Amino acid sequence: LAAVRVNGSVMAMELGGTYALTVSLTEGANTLTFEADDRAGNTQSRTVHVTRDSTAPGLVVTSPAEGARIAALSTQVQGTVNDASTVTVTINDVSVAVNGDGSFSATAILSAGANTLRVVARDSAGNETVVERGIRANVIPPAILLTAPVEGQVTRGESLLVQGWVSPGDPGDQASEVILRVQGAVVGVGQDGSFSVSVALSGSTATVAATDLYGLTSQVVRTVVIDQVAPVIEVGGIADGERRNGPVTITFTATDPHLTS
């Protein structure tokens, strides 16, 4: 060969008889025309069209949101991509299907506690866009330890002391973040998870419910006995106002279904 050119620039021959030349491309469509001349003056040409694309694909992750708390060990990851070329999407290195309108939706497996979802969109030129979401997952509802009232506790029914401790199912949460309700009313929880409140008792049960940041709820119900009837007592062996001149044997009985002793 007498000469090899690309877009008029002479290409240098390398070892093995190949020709090479670094060619600058402009953004968008480019045309490369290759020409080869032999020593007899014959010329052959070939045209190649190539597109320079240095723009990363557009990527929007619509769910889950950053900081989301998922009450399951899996979640749907949804979003959209757009680019002038074909785009592939991976979620934590797992390929997902992209619909014709650029939308995608796939299930990602989660572990209990902190998780990072890494969504990568890659176009045919190799440009990438990355979106990460930090979320937490938990399937264990909060635990309630109710120390008062005890099951079957007897009360006059005017008020009832309800106290105990609550702890979140996710160790990363604070006990004070748990929403606690006693008889339907919200009650404050201390940093250590303790709570204590006196409530009016309108029925025969005391209900304590706890809801964590995931929306998981647990409930404890204690039955209480309302007793507003005084014991019936009887005194025998002596009458009111009676006079005696010696020892007296007196009998006493008290009748009530809830005598303490």
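When a residue number appears, it is its place in the shown sequence, counting from 1. Worth knowing before you read on, the calculation uses all heavy atoms, side chains too, and leaves out hydrogens, waters and symmetry mates. If you're wondering where the values come from, they're calculated on a predicted model, not measured in any experiment.
- Separation of atoms OG1 (T75) and CD (Q78) is listed at 8.5 Å; rounding is to 0.5 Å.
- Taking OG from S194 and CG from L145, the interatomic distance works out to 11.5 Å, rounded to the nearest 0.5 Å.
- Minimum interatomic distance between G152 and V225 (heavy atoms only, all atoms of both residues): O-CG2, 4.0 Å.
- A donor-acceptor contact under 3.5 angstrom links the side chains of S103 and D101, judged on distance only.
- Considering all non-hydrogen atoms of both residues, A106 and I91 come closest at CB-CD1, 4.0 Å.
- Screening residues 135-144 for salt bridge (Lys or Arg N to Asp or Glu O under 4.0 Å), with sequence neighbours left out, gives R136-D170.
- Residues I179 and V199 do not share a hydrophobic cluster, clusters being chains of Ile/Leu/Val/Met/Phe/Trp/Tyr side chains in contact below 4.5 Å.
- Scanning both residues, A121 and V81, for their nearest heavy atoms gives CB-CG1, 3.8 Å.
- Inspection of the S95 and T90 side chains reveals no N or O donor paired with an N or O acceptor under 3.5 Å.
- A search for salt bridge (charged side-chain N to carboxylate O under 4.0 Å, His left out) contacts involving R244 returns E242, not counting sequence neighbours.
- Between L25 and the options T51, N30, D53, a side chain to side chain contact (heavy atoms under 4.5 Å, CB included) holds for only N30.
- Of the possible donor and acceptor atoms, one in the side chain of E151 sits under 3.5 Å from a partner among the backbone N and O of T223.
- L213 and I140 fall into different hydrophobic clusters, defined by Ile, Leu, Val, Met, Phe, Trp and Tyr side-chain heavy atoms under 4.5 Å apart, directly or through other members.
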What verdict does the side chain to side chain contact (heavy atoms under 4.5 Å, CB included) test give for S105 and V77, after you've listed the backbone C-alpha separation in whole Å, the side-chain angles of each residue and the deciding distance to 0.1 Å?
CA-CA 6 Å; S105 179; V77 182; over 6 Å; no

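- Taking each heavy atom of V87 and P57 in turn, the nearest pair found is CG2-CB, 4.1 Å.
- N7 is listed as a side-chain neighbour of L32, based on a closest heavy-atom distance under 4.5 Å.
- The cationic atom of R46 (NZ for Lys, CZ for Arg) does not lie both less than 6.0 Å from the six-membered ring centre of F34 and within 45° of the ring axis.
- Side-chain atoms of S218 do not come within 3.5 Å of backbone N or O of P141 as any donor-acceptor pair.
- A salt bridge is absent between E66 and R133: the closest approach of a Lys/Arg side-chain nitrogen to an acidic carboxylate oxygen does not fall below 4.0 angstrom.
- Using a 4.5 Å heavy-atom cutoff, the side chains of I109 and S74 are in contact.
- Taking each heavy atom of V178 and A210 in turn, the nearest pair found is CG1-CB, 3.8 Å.
- Of the inter-residue distances, the one linking M11 atom CE with T18 atom OG1 reads 8.5 Å to the nearest 0.5 angstrom.
- Side chains of T207 and Q219: no donor on one and acceptor on the other come within 3.5 Å.
- The side chain to side chain donor-acceptor pair (under 3.5 Å) test with R5 is passed by exactly one of T33, T43, D37: D37.
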Go through the steps to decide whether T211 and T217 satisfy the test side chain to side chain donor-acceptor pair (under 3.5 Å), and finish with yes or no.
CA-CA 4 Å; T211 304; T217 299; 3.0 Å; yes

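- In terms of heavy-atom proximity, G203 sits nearest to I226 at O-CD1, 3.2 Å.
- Counting non-hydrogen atoms of neighbouring residues, nucleotides and ligands closer than 6.0 angstrom, the CG atom of N99 exceeds 12 such neighbours.
- Both L201 and V187 belong to a single network of hydrophobic side chains, linked directly or stepwise wherever heavy atoms of I, L, V, M, F, W or Y lie under 4.5 Å apart.
- Using a 4.5 Å heavy-atom cutoff, the side chains of F252 and I233 are in contact.
- Side-chain contact between V162 and P149: present, with at least one pair of heavy atoms (C-beta onward) separated by less than 4.5 Å.
- Looking at Q76 and T107, their side chains do bring a donor and an acceptor atom within 3.5 Å of each other.
- For the atom pair N92 CG and T116 OG1, the distance stands at 8.0 Å (nearest 0.5 Å).
- Side chains of T147 and W165 form a contact here, defined as non-hydrogen atoms less than 4.5 Å apart.
- With hydrogens and angles left out, the side-chain atoms of D83 and S85 include a donor and acceptor closer than 3.5 Å.
- At least one side-chain heavy atom of V6 sits under 4.5 Å from a side-chain heavy atom of V23.
- Salt-bridge formation is not detected for the pair R69/D212: no Lys NZ or Arg NE/NH1/NH2 atom is positioned less than 4.0 Å from an Asp or Glu carboxylate oxygen.
- Within the model, atoms CD1 of I70 and CG of L117 stand 8.5 Å from one another, a figure rounded to the nearest 0.5 Å.
- A heavy-atom distance below 4.5 Å is not found between the side chains of L73 and S111.
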Given the rule in the side chain to side chain contact (heavy atoms under 4.5 Å, CB included) test, do V89 and V119 qualify, once you have shown the distances and angles that lead to the verdict?
CA-CA 7 Å; V89 174; V119 184; 4.0 Å; yes

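- Separating the CZ atom in R122 from the OG1 atom in T86 is a distance of 13.5 Å, to the nearest 0.5 Å.
- Hydrophobic clustering of Ile, Leu, Val, Met, Phe, Trp and Tyr side chains at less than 4.5 Å, counting indirect connections, unites V224 with V197.
- Contacts classified as salt bridge (Lys or Arg N to Asp or Glu O under 4.0 Å) and involving residues 214-234 (residues at least two apart or in different chains) are not found.
- L216 and I144 end up in different hydrophobic clusters when Ile, Leu, Val, Met, Phe, Trp and Tyr side chains are linked at under 4.5 Å.
- Using a 4.5 Å cut-off on side-chain heavy atoms (C-beta onward), Y214 and D173 make contact.
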